[in-house]
Every structure is written in structure tokens, then in C-alpha cells.
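Being a predicted model, the structure only gives us computed values, none of them experimental. When a residue number appears, it is its place in the shown sequence, counting from 1.
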Amino acid sequence: MPTRVPAGHDAAMTTTSTEPRPRRGRRPWACRTPRAVDLAIGVPLLLLGAGWLVSDAMFGHGLDVWAAQGHLGRIETADLAYMARLQNFLVVVLVVGLLALVSRAPWTVLSQALVAILAGVVLTAAQHSWDRSRPGSTGSAAEGAGSRYRENNAFRIPGEMSPVSAQDVRREVDRVRLGGTLTVRDMGSRFETDHYVTPEGALVAVRVHDDACVTAFVQKVNCEVKTDGTYVESGCFEPPAGH
């Protein structure tokens, strides 16, 4: 005789056989990043990268070269630091581009590729400029030209300072900068015989506090430094005598 199976048991077996298996967690590259998210990341990264290259060239390397004031050693240091920053920046851009590629974000990959190309061009130009400015890198002709340049401009190249002297100078510079307000003016006119004359030289004053000044005058054959309080109308400088 056929065995009867309870209706509830048959339904349970059917439900069990058709129930989908739970899926494992998807990997980051298993699905494409939504376009809106991709653009929201890629476009700002493109603008940020291009902006950094421009600002560093103008306000980073440019200001370092300007601050060197023609000192060849400092200019070389600024050039090397600039190229090192470009290399580090290029590595960061390539890493971000690789992560975007793994995450299947094509617009972000494209933005980082453009920034990497721009950074590569800037780095190549900086390296080319460095090679041209180094006498030993382009043969004997360039070496001779570089030697002549140094010889002809030797009077414009300051002597090297020892580390101790450099620290002392920097300390004095910081002291002057933080010491107060500096004012420089001419010596002022004075009446002689039948007309007014203005002696050559300059008056210098550093206002340390509201009630304290350091004043000096400098001329070709004379100079003097003194401390004094302030004047009601003329500040640190002594007012001219009344008539």
C-alpha cells in the first residue's frame, strides 16, 4: 500500500528545496561604483591635485627661490626639495588611482591619470632645468660656461657662514622682528645761516613698548644708539626745536 505523506510535511520539503542560499559578502571590485559617487570623488580630486601643483610651483618653490636672493646653494636646496615633493605627490596620485581602479570607479581613475600626467610633466621640466643648471651634467662646454658664470658673478655670492654663526644671526633676526615696531626716516631738516638743510643719513627707531624706544642715527662718518621714552606728538623721534 502507498504510504501517505502528511500535507504539511510535503510543503515544508518544497519550501526548503526552493529557498535560496545566503550569499557571501561581496568584494569591493564585485560591483561598479555608482556614477554619482564616482564623479563626486573624481572631480574634487582632479581640482585638488591640479591646484596643489600650481600653488606649490608659485608659493612653495617660487617663494623659496625668491628668499634665496641669488644664493646658489639655497636655490639648489629649494630645487631638490621641490622635486622631492613632486615625486611624493606623484606616488600618492598613483596609489589613489590604483584604489579607484580596484573599486571600479572609472571617472576617479581618469581624474587621477590626468593629475599624474600633469605631475609627470612638471617633474620632467624641473628635472630638465636642474640638469641644465648643473655644469657637470652636460659635458665640458656646459662645465666651462658654469665656471665662467660663477667667476663673473663671484662678487654677488655671499660667503658661507659657520653653523654657530648662522644660529647667532638667526637669533638676532628673530629678536629684531619680535622686539617692536621699526621706523626709518631721514635726518630731518635744520636751519643753518639763512636756509634749511637736510643732513645725509637716516634716523632709526624701534618702539619696544608704548613708553620705551631704541633710537639711532647712521651717517657715513658717525652713528649713535640710545634708549629713551616716547614723545607725546612724535613718538620715538625727538621733535624739532620750537621757534
Side-chain angles (χ1 to χ4, degrees), residues 20-147 149-150 153 157-158 160-161 163 166-167 170 174:
R21 297 180 180 180
R23 295 182 179 181
R24 297 180 180 179
R26 291 186 175 182
R27 301 182 185 277
W29 55 84
C31 60
R32 179 174 177 175
T33 301
R35 177 175 295 182
V37 177
D38 190 8
L39 289 173
I41 296 175
V43 173
L45 285 179
L46 174 61
L47 298 177
L48 182 63
W52 184 89
L53 289 172
V54 173
S55 63
D56 189 49
M58 295 176 59
F59 303 108
H61 179 247
L63 289 180
D64 287 342
V65 172
W66 176 82
Q69 295 294 310
H71 193 288
L72 297 181
R74 296 177 183 174
I75 293 177
E76 291 179 356
T77 301
D79 291 341
L80 290 173
Y82 179 53
M83 288 188 290
R85 291 197 302 270
L86 287 175
Q87 291 173 352
N88 294 335
F89 177 76
L90 186 57
V91 171
V92 172
V93 170
L94 293 177
V95 170
V96 173
L98 179 61
L99 294 176
L101 181 63
V102 171
S103 300
R104 297 178 64 183
W107 290 105
T108 303
V109 173
L110 178 60
S111 70
Q112 296 308 285
L114 294 175
V115 175
I117 292 173
L118 181 59
V121 171
V122 175
L123 178 58
T124 302
Q127 184 66 52
H128 184 61
S129 177
W130 169 268
D131 293 338
R132 286 191 308 171
S133 62
R134 306 281 76 74
S137 62
T138 56
S140 58
E143 182 177 358
S147 300
Y149 175 82
R150 289 177 178 270
N153 292 272
I157 302 175
E160 295 291 339
M161 293 186 294
Q167 291 179 359
R170 176 55 58 184
D174 294 338

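Val109 is not listed as a side-chain neighbour of Arg104, based on a closest heavy-atom distance of 4.5 Å or more. At a threshold of 4.5 Å between non-hydrogen side-chain atoms, the residues Leu123 and Phe89 do not count as touching.
Minimum heavy-atom separation, Ser103 to Thr33: O-OG1, 2.7 Å. Considering all non-hydrogen atoms of both residues, Val93 and Gln112 come closest at CG1-O, 3.2 Å. Of all the heavy atoms in Ala78 and His61, the pair that sits closest is O-CD2, 3.6 Å. Here the shortest heavy-atom pairing between Gly60 and Arg85 reads C-NH2, 4.0 Å.
The line from CD1 of Ile75 to CG of Leu80 is 12.0 Å long, rounded to the nearest 0.5 Å. For the atom pair CG (Asp56) and CG (Leu86), the distance works out to 6.5 Å, reported to the nearest 0.5 Å. Once rounded to the nearest 0.5 Å, the distance linking CG of Asp79 with CD of Glu76 reads 7.5 Å.
For residues 41-55, the set of pairs meeting the side-chain hydrogen bond (donor to acceptor under 3.5 Å, both in side chains) definition, not counting sequence neighbours, is empty.
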Please output the side-chain donor-acceptor pairs of residues 36-49 that fall under 3.5 Å, not counting sequence neighbours, one pair per line with the distance.
unit_1	atom_1	unit_2	atom_2	d
Asp38	OD1	Thr108	N	2.9
Asp38	OD1	Thr108	OG1	2.6
Asp38	OD2	Trp107	N	2.8

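Side chain of Thr124 to main chain of Gly120: a donor-acceptor pair is present (N/O by atom type, distance under 3.5 Å, no hydrogens or angles).
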